[in-house]
Amino acid sequence: MRLSMVGQVLRRRWRTLAVLVVVGAAVGAGAGLLLGPGYSTTASVLLQGPRQPDELLTQAQVATSSVVLDRAAAELGWQISGADLLKSVTASVSDGNVVKIGASANTAERAQQLANQVAQDFVKYSTQLLSNSTDSAAQLAQGQRDALRQQVTQTNQRITDLSRSVADGETVESVQARTALQALRTSLEQAMNNLNAADAASGQGNMVVMGSAERPLSAASPTLVEFIGGGALLFFLIGLLGHLFVARTDRRLREEDEIGAALGSVVLADIEVPDVPPAVAATGLFARVRRLVGEDRPWYLPEVRVSAEELVSDLRYRRVLARLGGSSRLLLLVVAGDTAARGVADRLIDLAGRGGPLLEVAEIAADRPIVPDPRGESGVLVVLAARSRTAWELVAIAEACSDAGQPVVGAILTRPVRLAGKPAKGAGAPASEDHDVMAGSA
C-alpha cells in the first residue's frame, strides 16, 4: 500500500470516516459509563504480630468474602447486595503485614465510604473468627501462660534468697552460690522469652484500621474522556484500514496484460470515461445513507485534469475502429449492468454506421455468460470496465465465446476517472480529428 492511497481515502471518504469517529465516540462513552472504574481509593488494615505469607493471603481473601461484603452493603444502605460490591472491592497484601482494601464507585464520596466500611467490617469479622476458637485450646494456652508466670515468680524468689545467703569473699560456698545464681538467671530469661512469645501468639488476632481512606480528587484512569477518545480513534483506524484492506484484497483485474491473458486476446484500447452516478439511483434507507456519506462511488478512481468533452471526443473511438482492420462484422459483448461499457459500445456502433465495420451489441450475464451463435460475425469484441471482473469471470466469458464458435478478436477497456477541478482555458472545446493529445491510450 502506497501512502498516496491513504491520502485518497482521507480525501474521498472523509464523510464516512467522520461518521465512524462519531459512532466510535458514542460507543466509547457507553463503554465508559458501563466499564469505567470511576473514583478509586484504598484503606489499610494493620495485622499485629508475626505473620506467615499464607496467613496474610488468607486474610486478604477474608476481606472480600461474601460475609464481609454483605455486612458492608447492609450498613451502607445503597440498595445493593454484597455480590454487587464484589466487582468494586479488591484486597491485596503489602509489606509490613498490611492488607490494602481498594474500593471503586461512581463518586469520590461513595468510594471513600465503601473502603472505610469494608475495612471496619473486615476487622470485626476477623476478630469474631478468632474469638470463636475452641474452649479447650483457649484453656490450654491460658494454663501454659499461668505456669510460665508461676515459674518466673519462683525463680525470682530463689534468686532473692541466694543473694541474701551469699556472703562477701572468695570462699567455695560463695563461688557455688554465684554459679547457681547465674544458672537461675538464665532460666529466668528463658521463661520470660517463652512468656513473651505466648503473649505475642495470643495477640495475633489484633487488627487496626490505619486511618480513614483518602477521598479521591479525580476519576481513575481510564476516564470517560479517555474512553471517548479511544473509541473515536479506534473506529477511525478501523475505517481507514478497512478501506485499504478491501482495496488490497480486491481480486478484480485492472491491468491490460492481466485482462488480455484471461480473455486469451489483446486489449485494443483503454478508454477513460468520466465517472457519473447511475441514471436510476438505488432506493432504500441503506442506499440513501451511502449516498449521504459518499460511499456510492469508488474512492480509488484516478483524477485527470481534462474536460468532459475531451474524454468523449470522437477521435479516440475512430482510432479504435481503425485498429479493427478489415473486420466487416463484429459482435460487441457487454456485461449486463456495466453502464460505462454499454455507452462505449453504443458510441462505437454509431460511428461505425457512418462508414466502418458492422457492429452489433449483445449483453451477457456475469455469472452465466451465454454468447449468441454466429450470424455472419467474424469475431467478438469484449467491452468491459477495468477492475470490474475477476480472472475467473473473464475466463468464463472466453469459454462461452469458444463454445459459441466466436473467436475473441480483442477487448476494449473503459476506465472511469474523476475530473479534477475545472479544465484550463480552451480545454472544454470539442476535440477534432486533428488533435493529437487526448486522455486514454486509445
Side-chain angles (χ1 to χ4, degrees), residues 37 39-76 78 80-105 110-152 187-216 220:
Y39 294 84
S40 299
T41 186
T42 58
S44 300
V45 177
L46 175 63
L47 279 65
Q48 299 177 355
R51 303 281 177 163
Q52 297 295 327
D54 294 342
E55 184 180 358
L56 294 176
L57 294 177
T58 301
Q59 292 295 339
Q61 294 179 357
V62 171
T64 56
S65 63
S66 59
V67 177
V68 175
L69 296 182
D70 288 340
R71 292 181 179 181
E75 295 181 9
L76 288 172
W78 290 350
I80 57 177
S81 63
D84 298 329
L85 292 181
L86 184 60
K87 298 180 292 185
S88 304
V89 177
T90 60
S92 61
V93 179
S94 62
D95 297 334
N97 294 354
V98 176
V99 176
K100 289 187 174 295
I101 300 175
S104 301
R110 284 201 166 198
Q112 184 184 31
Q113 294 176 8
L114 179 59
N116 291 332
Q117 191 62 52
V118 172
Q120 295 173 8
D121 290 331
F122 164 55
V123 172
K124 293 179 182 178
Y125 182 60
S126 297
T127 304
Q128 181 181 357
L129 288 178
L130 291 176
S131 63
N132 291 337
S133 59
T134 58
D135 295 338
S136 58
Q139 292 177 359
L140 177 61
Q142 184 64 34
Q144 291 177 351
R145 288 194 294 269
D146 293 341
L148 289 174
R149 289 191 180 91
Q150 185 177 4
Q151 182 181 358
V152 170
S187 177
L188 177 62
E189 292 178 357
Q190 182 178 2
M192 291 296 297
N193 292 334
N194 293 336
L195 181 60
N196 292 334
D199 291 338
S202 63
Q204 284 186 0
N206 297 333
M207 299 181 184
V208 61
V209 180
M210 300 173 61
S212 176
E214 296 182 358
R215 178 172 296 184

Query raised in the report: Is there a side-chain contact between Tyr39 and Arg215, using heavy atoms and a 4.5 Å cut-off?
Result: no
Query - From Asn116 atom CG to Leu76 atom CG, the distance as rounded to the nearest 0.5 Å - result: 10.0 Å
Requested in this report: Could you grab the distance from atom CG of Leu85 to atom OG1 of Thr64, nearest 0.5 Å is fine?
Outcome: 11.5 Å
**Report entry** Close side-chain approach of Trp78 and Leu114, heavy atoms under 4.5 Å
**Finding:** yes
Report summary line: dist Gln117:CD -> Ile101:CD1 (nearest 0.5 Å) comes out at 11.0 Å
Report task. Indicate the atoms forming the closest heavy-atom contact of Ala111 with Ala103, along with that distance. Result -> O-CB, 3.7 Å
Requested in this report: Please name the pair of heavy atoms, one in Ala63 and one in Val68, separated by the smallest distance, quoted to 0.1 Å.
Outcome: O-CG1, 3.6 Å
**Report entry** Least distance between heavy atoms, Ser94 atom then Lys100 atom
**Finding:** OG-CE, 3.9 Å
Query raised in the report: Should we count CD of Glu75 as having more than 12 external heavy atoms under 6.0 Å?
Result: yes
**Report entry** CG-CG distance between Leu56 and Asn97, expressed to the nearest 0.5 angstrom
**Finding:** 5.0 Å
Requested in this report: Find the distance between CD (Gln120) and NZ (Lys124) and round it off to the nearest 0.5 Å.
Outcome: 6.0 Å
Report summary line: Of all heavy-atom pairs linking Gly102 and Thr42, the shortest is CA-CG2, 3.9 Å
Requested in this report: Can you see which heavy atom on Glu214 is nearest to which on Thr41, and at what distance?
Outcome: O-OG1, 2.5 Å
Report task. Would you tell me whether Ser40 and Ser104 have side-chain atoms, one donor and one acceptor, within less than 3.5 Å of each other? Result -> yes
Report task. Provide the closest heavy-atom pair for Arg71 versus Asp121 in the form atom of the first, atom of the second, distance. Result -> C-OD2, 3.5 Å
